[in-house]
Every structure is written in structure tokens, then in C-alpha cells.
Amino acid sequence: QVQFVESGGGLVQAGGSLRLSCVVSGTTFSRYALGWYRQAPGKQRDLVASITNGGRPTYTDSVTGRFTISRDNAKNTVYLQMNSLKPEDTAVYYCKVLAFNRWGQGTQVTVSS
């Protein structure tokens, strides 16, 4: 079954950058669209970026121009480069194969003001 190992989170000051990584196993990685979600305390889990199996990205408005999603099919890994981070980006970030209803542990991102 599909599994995820997310990493790269941490504490950063506003304006800083982080790069999240997610290694996916248990499925044919290259076939599927992938996404990064985030969930802040007391809020729902929302999709912030996705990438098709062909590599076409889509972003929610609040991260457009600051975040970049990419994938390396040879490494079964999806990335989220986050620049110009804001305190409102603070959340647990999760990657997901969009076709499957399974989640990993997530990685905490905390942006201090």
C-alpha cells in the first residue's frame, strides 16, 4: 500500500525558505498526480500545490509566486520549495497521491514573525 515519508520542515523566520521532500513508496509513482496539503491548528486540511504526472503544477492563490512544487520520478520523490515564508504558512504539511485516500505523518513548518 502507498506510504509517504515527509521531511524538511522546521522553524524559520518570516521571509526565509524551506524545502520539503516526500518519498512515496508502494505505487507506480510516475503514473499519478501528487499534491502538498497543509493543516493549521483548528483548521481544515487544504491543498496548496499539485503536480500532474506530466509535471504541470497548480497552486492555491495564497502561495502562488512563493512556492514551487516539483517531482523526480527516478527517486519517487515530490518536493515543495517554499520561499518568502509568512507566519500564516505555519502548519503541518502533508504530501499525497491524489488518487488515493492515504496520508503520511506530515512535517511541521513553523514561521516566526
Side-chain angles (χ1 to χ4, degrees):
Q1 59 190 16
V2 63
Q3 293 182 319
F4 310 92
V5 179
E6 297 109 334
S7 63
L11 173 64
V12 64
Q13 288 188 332
S17 298
L18 286 172
R19 187 193 195 204
L20 307 184
S21 300
C22 174
V23 179
V24 182
S25 60
T27 189
T28 307
F29 180 86
S30 61
R31 287 184 180 177
Y32 297 102
L34 306 162
W36 280 99
Y37 290 72
R38 67 186 180 188
Q39 186 169 21
K43 296 189 176 180
Q44 67 182 19
R45 191 173 298 183
D46 292 324
L47 179 66
V48 296
S50 63
I51 187 166
T52 67
N53 58 349
R56 182 170 61 87
T58 305
Y59 303 95
T60 192
D61 288 347
S62 62
V63 307
T64 297
R66 301 188 298 123
F67 290 11
T68 302
I69 188 171
S70 61
R71 64 190 296 162
D72 185 337
N73 290 341
K75 296 181 178 180
N76 282 14
T77 302
V78 59
Y79 303 97
L80 187 68
Q81 177 68 44
M82 306 186 294
N83 298 329
S84 301
L85 283 161
K86 304 176 181 180
E88 52 263 44
D89 295 317
T90 295
V92 179
Y93 284 71
Y94 302 86
C95 70
K96 187 177 182 290
V97 176
L98 297 187
F100 303 138
N101 188 27
R102 289 191 60 84
W103 299 92
Q105 296 287 338
T107 185
Q108 175 70 47
V109 172
T110 303
V111 184
S112 63
S113 57

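Atom set for the values below is all heavy atoms of this structure, side chains included, hydrogens, waters and symmetry mates excluded.
- From R45, atom CZ reaches atom CZ of R38 across 13.5 Å, with rounding to the nearest 0.5 Å.
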Run the side-chain contact (heavy atoms from CB on, under 4.5 Å) check on L47 and Y37 step by step: do they pass?
CA-CA 4 Å; L47 179 66; Y37 290 72; 3.5 Å; yes
Residues R31, N53; criterion side-chain contact (heavy atoms from CB on, under 4.5 Å); working and verdict:
CA-CA 6 Å; R31 287 184 180 177; N53 58 349; 5.5 Å; no
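- When the side chains of ILVMFWY residues are joined at heavy-atom separations under 4.5 Å, either directly or via intervening members, W36 and L18 end up in a single hydrophobic cluster.
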Determine, stepwise, if the pair N73 / R71 fulfils side-chain contact (heavy atoms from CB on, under 4.5 Å).
CA-CA 6 Å; N73 290 341; R71 64 190 296 162; 2.9 Å; yes
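- A pairwise comparison of heavy atoms in A33 and T52 identifies CB-CA, 4.0 Å as the closest pair.
- In terms of heavy-atom proximity, V111 sits nearest to T90 at N-OG1, 2.9 Å.
- At least one donor-acceptor pair under 3.5 Å links the side chain of E6 to the backbone N or O of C95.
- Counting heavy atoms from C-beta on, the side chains of V97 and F4 come closer than 4.5 Å.
- Interatomic distance, OG of S113 versus NZ of K86, reported as 14.0 Å (0.5 Å rounding).
- Taking CZ from F29 and OG1 from T77, the interatomic distance works out to 6.0 Å, rounded to the nearest 0.5 Å.
- Of all non-hydrogen atoms in S17 and Q81, the two that sit nearest each other are CB-NE2, 4.0 Å.
- In terms of heavy-atom proximity, A14 sits nearest to P87 at CB-CD, 4.1 Å.
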Quick one: do Y59 and R66 satisfy side-chain contact (heavy atoms from CB on, under 4.5 Å)? Show the steps, please.
CA-CA 10 Å; Y59 303 95; R66 301 188 298 123; over 6 Å; no
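- Of the inter-residue distances, the one linking K96 atom NZ with C22 atom SG reads 12.0 Å to the nearest 0.5 angstrom.
- Between G35 and L98, the closest heavy-atom pair is N-CD2, 3.8 Å.
- Atom OG of S21 and atom CG of L80 lie 9.5 Å apart (nearest 0.5 Å).
- No chain of hydrophobic side-chain contacts below 4.5 Å, direct or via other Ile, Leu, Val, Met, Phe, Trp or Tyr residues, connects Y94 to M82.
- In this structure, V92 is not a member of the same hydrophobic cluster as V78, with clusters built from ILVMFWY side-chain heavy atoms closer than 4.5 Å.
- What you find for I69 and P57 is that their closest heavy atoms are CG2-CB, 3.6 Å.
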Exercise answer: donor-acceptor pairs, residues 102-109 side-chain atoms, under 3.5 Å, sequence neighbours excluded:
from, atom 1, to, atom 2, distance (Å)
R102, NE, V2, O, 2.9
T107, OG1, G9, N, 3.1
Q108, NE2, A91, O, 3.4
Q108, NE2, T110, OG1, 3.3

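- At least one side-chain heavy atom of D89 sits under 4.5 Å from a side-chain heavy atom of F67.
- With sequence neighbours excluded, the residues forming a side-chain contact (heavy atoms from CB on, under 4.5 Å) with D72 are A74, K75, Y79, listed by chain and number.
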